[in-house]
Amino acid sequence: MTIIIDYDAGNIKSVEKALQYLGEDVVLTNDAEKIRRADRAILPGVGNFGDAMDKIRGAGLEPVIKKFAASGKPFLGICLGLQVLFDESEESPGVKGLGILPGKIRRFPEMKGLTVPQIGWNDIHVTKDSRLLRGVDGAYVYFVHSYYLTCENPSDVAASAEYGIPYHAAVERENVFACQFHPEKSSAAGLKILQNFLAV
């Protein structure tokens with residue numbers, strides 16, 4: 001059974017529908033015991049970094065998420081769910097992230113011809129032997145974001161992309177996976193990524 005962690009951050013239903021399309025048994029919940037018992041967990045989300053951390057902490061989910069990520073069971077962060085796994089974000093100065101992986105979230109710079117947020121399709125370059133991204137190197141996937149990841153450990157980076165500047169588009173460390181883009185909105189390549197996660 002796959003749990004989608006519900007912390008009222010949006011984008012949950014589209015992830016649920018994509019997984020159901022793949023035949024997966026999915027439960028949306030913020031119940032700590034249900035999350036603990038799950039075979040795998042997904043942390044999706046869109047919105048503001050500080051608001052997301054307030055909701056996660058307000059629901060008592062911070063220790064639950066950290067324990068699950070440390071359990072060895074597959075864990076996937078999507079979009080804002082990637083960002084909150086890291087230490088901090090320029091979007092919300094002074095707000096600590098979950099700190100599961102080391103790194104910072106930064107705002108895209110103001111550049112001529114560059115519209116922020118990045119909304120739309122972009123190709124990704126897989127940078128290591130990734131279980132999550134197997135079979136999708138060079139694929140176009142769907143992004144919606146104004147902030148990007150600078151991952152502290154190069155060995156954690158699973159894929160990069162470019163939007164005016166190069167940035168880290170996906171990470172993978174042992175059982176913890178995360179992507180800035182939306183696999184649930186990324187057509188066949190996105191479904192392949194979700195299938196890869198379900199097969200871990």
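Keep in mind it's a predicted model, so treat the numbers as computed, not measured.
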Output yes when a side-chain donor or acceptor of [X] lies under 3.5 Å from a complementary backbone atom of [Y], and no otherwise.
X	Y	result
Arg107	Glu90	no
Thr2	Ala41	no
Tyr7	Pro44	yes
Asn48	Gly50	yes
Asp6	Ile12	no

Not counting sequence neighbours, list each pair that qualifies as a ring pair (Phe, Tyr, Trp, His ring centres under 6.0 Å) and has a residue in residues 90-121. Phe108-His145, Phe108-Tyr148, Phe108-Tyr163, Phe108-Tyr167, Trp121-Tyr142
By the ring pair (Phe, Tyr, Trp, His ring centres under 6.0 Å) test, which pairs, at least two apart or in different chains, include something from residues 24-76? none
Are [X] and [Y] packed together at the side-chain level, in the sense that at least one heavy-atom pair is separated by less than 4.5 angstrom?
X	Y	answer
Pro102	Asp87	yes
His125	Asp137	yes
Ile4	Leu19	yes
Met53	Glu88	no
Leu133	Asn196	no
Val141	Pro183	no
Asp156	Val176	no
Leu114	Ile165	no

Tell me if the NZ atom of Lys96 is crowded by more than 12 foreign heavy atoms within 6.0 Å. no
Show me the donor-acceptor pairs, under 3.5 Å and distance only, between side chains in residues 28-36 and residues at least two apart or in other chains.
unit_1 : atom_1 : unit_2 : atom_2 : d
Thr29  : OG1    : Asp31  : N      : 2.9
Asp31  : OD2    : Glu33  : N      : 3.1
Asp31  : OD2    : Lys34  : N      : 2.9
Glu33  : OE1    : Arg36  : NE     : 3.2
Glu33  : OE2    : Arg36  : NE     : 3.3
Glu33  : OE2    : Arg36  : NH2    : 2.5

For Asp25, all residues meeting salt bridge (Lys or Arg N to Asp or Glu O under 4.0 Å), sequence neighbours excluded: none
Which residue pairs pass the side-chain hydrogen bond (donor to acceptor under 3.5 Å, both in side chains) test when at least one of the two sits in residues 64-82, sequence neighbours left out? Glu62-Lys66
salt_bridge(Arg131, Glu172) N-O dist < 4.0 Å: yes
Heavy-atom pair with the smallest gap, counting every atom of [X] and [Y]:
X	Y	answer
Ile78	Val15	CD1-CG2, 4.2 Å
Ser14	Glu184	OG-CG, 3.5 Å
Val171	Cys151	CG1-SG, 4.1 Å
Val157	Thr127	O-OG1, 3.0 Å

When rounded to the nearest 0.5 angstrom, what distance separates CD1 in Ile56 from CG in Asp8? 11.5 Å
N/O donor to acceptor pairs below 3.5 angstrom from side-chain atoms of residues 79-86, sequence neighbours left out:
unit_1 : atom_1 : unit_2 : atom_2 : d
Gln83  : NE2    : Tyr147 : O      : 3.3
Gln83  : NE2    : Gln180 : OE1    : 3.1

